[in-house]
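Below is one structure; the comments refer to it alone.
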Amino acid sequence: MCGIVGYIGKKQVAPLLVDGLKKLEYRGYDSAGIAVYNEGAIAIRKFKGRLSVLEDYLENEKINGSLGIGHTRWATHGEPNDINAHPHTNNAGDIAVVHNGIIENYMKLKEWLISQGKIFKTDTDTEVIAHLIDYYYKNDLVEAIRSAVQKMEGAYAIGVISKNSPDKLIAVRKDSPLVVGIGEGENYIASDIPAILKHTRRVYFLEDDEMAILSENNIEIFNELGQKVEKEVFEVTWDIEAAEKGGYQHFMMKEIHEQPKAIRDTLSPRLNENNEIELNEIKLSKEELEKINKVTIVACGTASYAGLVGRYAIEKFARIPAELDIASEFRYRDPFVDDKTLFIAISQSGETADTLAALREAKSKGAMVLAITNVVGSRISREADNVFYTWAGPEIAVASTKAYITQMLAMYMIALDLGRKKGTISKEDCNEIIEELKLLPQKAEEIIENDQIIQELADKQFNNQSVFYTGRGIDDCVAKEGSLKLKEISYIHSEAIAAGEFKHGTIALIEEGTLVFALITQDQLFDKMLSNIKEVKARGAYVVAIAKAGNREIEKSADKVIYIPDTLDVLTPMLSVIQMQLFAYYVAIARGCDVDKPKNLAKSVTVE
Ligand code: AGP
């Protein structure tokens with residue numbers, strides 16, 4: 001979850017690296033550094049803190065050179081400080097390495113390298129890579145790196161330069177993303193495309209265990225056996241503007257505003273001229289479909305809350321037993337998954353380590369694996385049997401918004417598709433839901449355009465110690481996402497609890513003025529939910545209800561009501577979540593938090 005960028009060519013590399021790292025800063029931002037080769041030496045500059053610290057330094061102290069690597073870090077091994085920041089070097093300082101991922105056997109390697117006379121300066125796992133390459137170096141950098149990676153266990157994407165091979169930039173990856181950018185008389189490496197998109201749209205995706213050797217005018221890629229690999233060039237079609245703020249103060253706000261479009265883009269291409277859902281990407285034969293006796297959904301964080309809504313939709317429309325598992329826990333209970341299981345992995349980034357590991361476990365047990373992801377070419381998309389892409393566009397803010405909404409949409413569509421094929425939902429009922437799905441972008445716009453009510457509420461309620469979210473049925477699923485959104489960007493403690501569960505313990509925490517968001521959008525559950533609202537109100541809670549427009553009854557019981565446009569009960573999460581995203585955003589702003597880069601978090605979690 002750190003960022004890597006590297007360059008070989010004729011331009012001054014230092015500003016180019018910093019510029020590229022700016023596009024990756026959302027991946028990690030506790031320190032940043034660069035290594036630049038010039039006239040027989042490698043200069044390293046690296047600093048704790050945001051990239052701007054490095055940038056300010058380089059404003060005053062220029063570093064010349066046209067070969068270099070850069071890194072922005074999210075600490076795993078060793079506290080964030082200048083020394084632990086990347087790049088790392090061997091003792092002579094003539095080999096420099098940047099690394100994303102974790103070297104799991106680094107302690108063993110470190111002890112062995114120390115016994116071989118290497119002196120370690122940092123607490124990182126990455127430093128072993130530089131010493132290992134040094135250990136194997138016998139006048140051939142490529143061979144030395146090849147030998148080094150054979151010793152390394154874990155996940156890595158690395159970029160290497162050496163004083164002894166000033167005509168080469170070398171990259172290797174395993175279980176951590178890395179792309180090679182193709183230029184004219186210059187070439188690039190990066191952990192994510194936005195870092196180099198300003199310079200080239202033509203990239204190679206490196207596969208596991210592949211090594212790329214870049215020079216100014218050439219790129220060669222080899223597999224782990226050292227055989228040359230011919231790769232297809234991938235043309236990037238989206239624009240850098242799509243990954244930039246476009247006039248908004250924060251990516252998160254921009255991405256909240258992009259939700260109507262994200263819904264349209266994900267839905268429309270999958271509706272045929274008869275207004276039926278057609279999921280060409282899911283190739284399940286009739287026999288396979290008939291065989292499915294269970295759906296297992298696995299994901300982390302926000303994606304797992306989309307999975308909760310998905311579980312509900314699958315059981316409702318397709319009448320198949322469905323379960324949702326947290327990816328980080330899935331493997332530890334020897335799960336019942338076999339060739340009759342439809343396994344659905346949900347991941348915005350497509351790179352989340354736990355989700356990937358769960359997917360592999362399910363695959364090894366014979367399950368049919370479907371991925372829902374937002375990133376084309378991501379690891380999860382490549383390992384799944386089938387992929388449903390959420391066309392939300394690049395999501396930069398750490399707090400997921402538009403990806404989440406399209407993940408829910410994907411789950412509704414998959415559930416309806418399965419339901420129609422199995423005959424568990426009638427054409428008429430399905431049509432009614434599709435018609436309503438088509439209206440959601442407009443209704444989402446309506447909420448976003450009228451956000452002053454929620455902003456006013458946030459301005460009054462930003463100082464709470466603790467905020468609770470509650471609901472019943474599908475409201476409970478989405479309440480969990482509302483709560484997560486608030487805590488991750490505003491640092492307020494928050495908990496989401498099923499409304500009926502409140503009185504079994506959590507109600508003890510309610511005192512005078514405690515803010516409780518009560519989602520009450522389900523007609524059938526209205527009376528029961530009303531009783532739950534009364535229970536917390538009786539203990540002093542300040543209750544903000546989220547209800548469907550037209551439901552005035554609730555005004556008698558709640559302290560404040562936030563309305564969403566009327567829609568089918570089953571689809572209300574697609575709208576109620578927007579109110580909760582906006583609340584979290586405005587509270588974070590009122591508290592002066594760094595909305596797009598919340599502390600301790602990273603966008604893509606590629607370690608277990
Ligand atoms: C979202 O706001 C969170 N930052 C986080 O929970 C995220 O959804 C989770 O880490 C899963 O990421 P993924 O969708 O890329 O797999």
Side-chain angles (χ1 to χ4, degrees), residues 1 26-29 74 100 155 175-177 191-192 250-253 255-256 259 262 297-310 324-330 344-360 370-384 387-390 392-411 469 477-478 480-491 494 496 577-578 580-585 588 593-608:
M1 49 202 121
Y26 65 92
R27 289 182 64 94
Y29 33 79
W74 186 80
N100 284 358
D175 289 334
S176 197
S191 52
D192 295 76
H250 298 101
F251 279 115
M252 184 179 173
M253 199 40 145
E255 288 159 7
I256 288 174
Q259 291 183 113
I297 307 165
V298 165
C300 297
T302 286
S304 77
Y305 299 143
L308 278 180
V309 171
L324 178 278
D325 231 310
I326 300 299
S328 56
E329 286 298 321
F330 177 70
I344 305 182
I346 311 178
S347 173
Q348 182 282 131
S349 62
E351 301 289 347
T352 301
D354 285 317
T355 311
L356 180 59
L359 179 155
R360 286 177 177 160
L370 166 64
I372 298 176
T373 182
N374 198 35
V375 181
V376 177
S378 57
R379 172 50 72 195
I380 286 174
S381 73
R382 281 183 281 158
E383 295 203 16
V387 186
F388 184 116
Y389 285 110
T390 50
E395 190 178 69
I396 308 297
V398 167
S400 182
T401 52
K402 60 178 181 170
Y404 170 75
I405 218 158
T406 53
Q407 286 163 352
M408 283 196 290
L409 176 60
M411 286 302 322
Y469 288 74
C477 307
V478 70
K480 292 190 165 39
E481 170 60 5
S483 169
L484 180 73
K485 220 68 313 157
L486 182 72
K487 62 186 150 194
E488 66 179 339
I489 61 169
S490 75
Y491 317 141
S494 175
V577 74
I578 302 176
M580 294 186 283
Q581 293 166 346
L582 289 165
F583 179 73
Y585 176 83
C593 301
D594 189 344
V595 175
D596 285 337
K597 294 173 195 153
K599 66 175 186 211
N600 304 340
L601 298 179
K603 184 66 186 163
S604 161
V605 185
T606 49
V607 291
E608 289 181 26

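These numbers were taken from a predicted model, which means no experiment stands behind them. Just so you know, ligand 1 is whichever comes first in the structure, and atom 1 is the first atom listed for that ligand.
- Take A588 and apply the side chain to side chain contact (heavy atoms under 4.5 Å, CB included) test, not counting sequence neighbours, and it matches I489, S490, C593, V595.
- Atom CZ of residue R379 and atom OG of residue S347 lie 13.0 Å apart, to the nearest 0.5 angstrom.
- The contact shell of ligand 1, taken as protein residues with any non-hydrogen atom closer than 4.0 angstrom, comprises C300, G301, T302, A303, S347, Q348, S349, T352, V398, A399, S400, L484, K485, E488.
- Shown here are the side chain to side chain contact (heavy atoms under 4.5 Å, CB included) partners of A357, two or more places apart in sequence or in another chain: R331, E608.
- For S328, the side chain to side chain contact (heavy atoms under 4.5 Å, CB included) partners two or more places apart in sequence, or in a different chain, are I326, D354.
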(message) Between K485 and T302, does the side-chain hydrogen bond (donor to acceptor under 3.5 Å, both in side chains) criterion hold? Intermediate values first, please.
(response) CA-CA 8 Å; K485 220 68 313 157; T302 286; 3.2 Å; yes
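- Donor-acceptor pairing under 3.5 Å is lacking for the side chains of E351 and S378.
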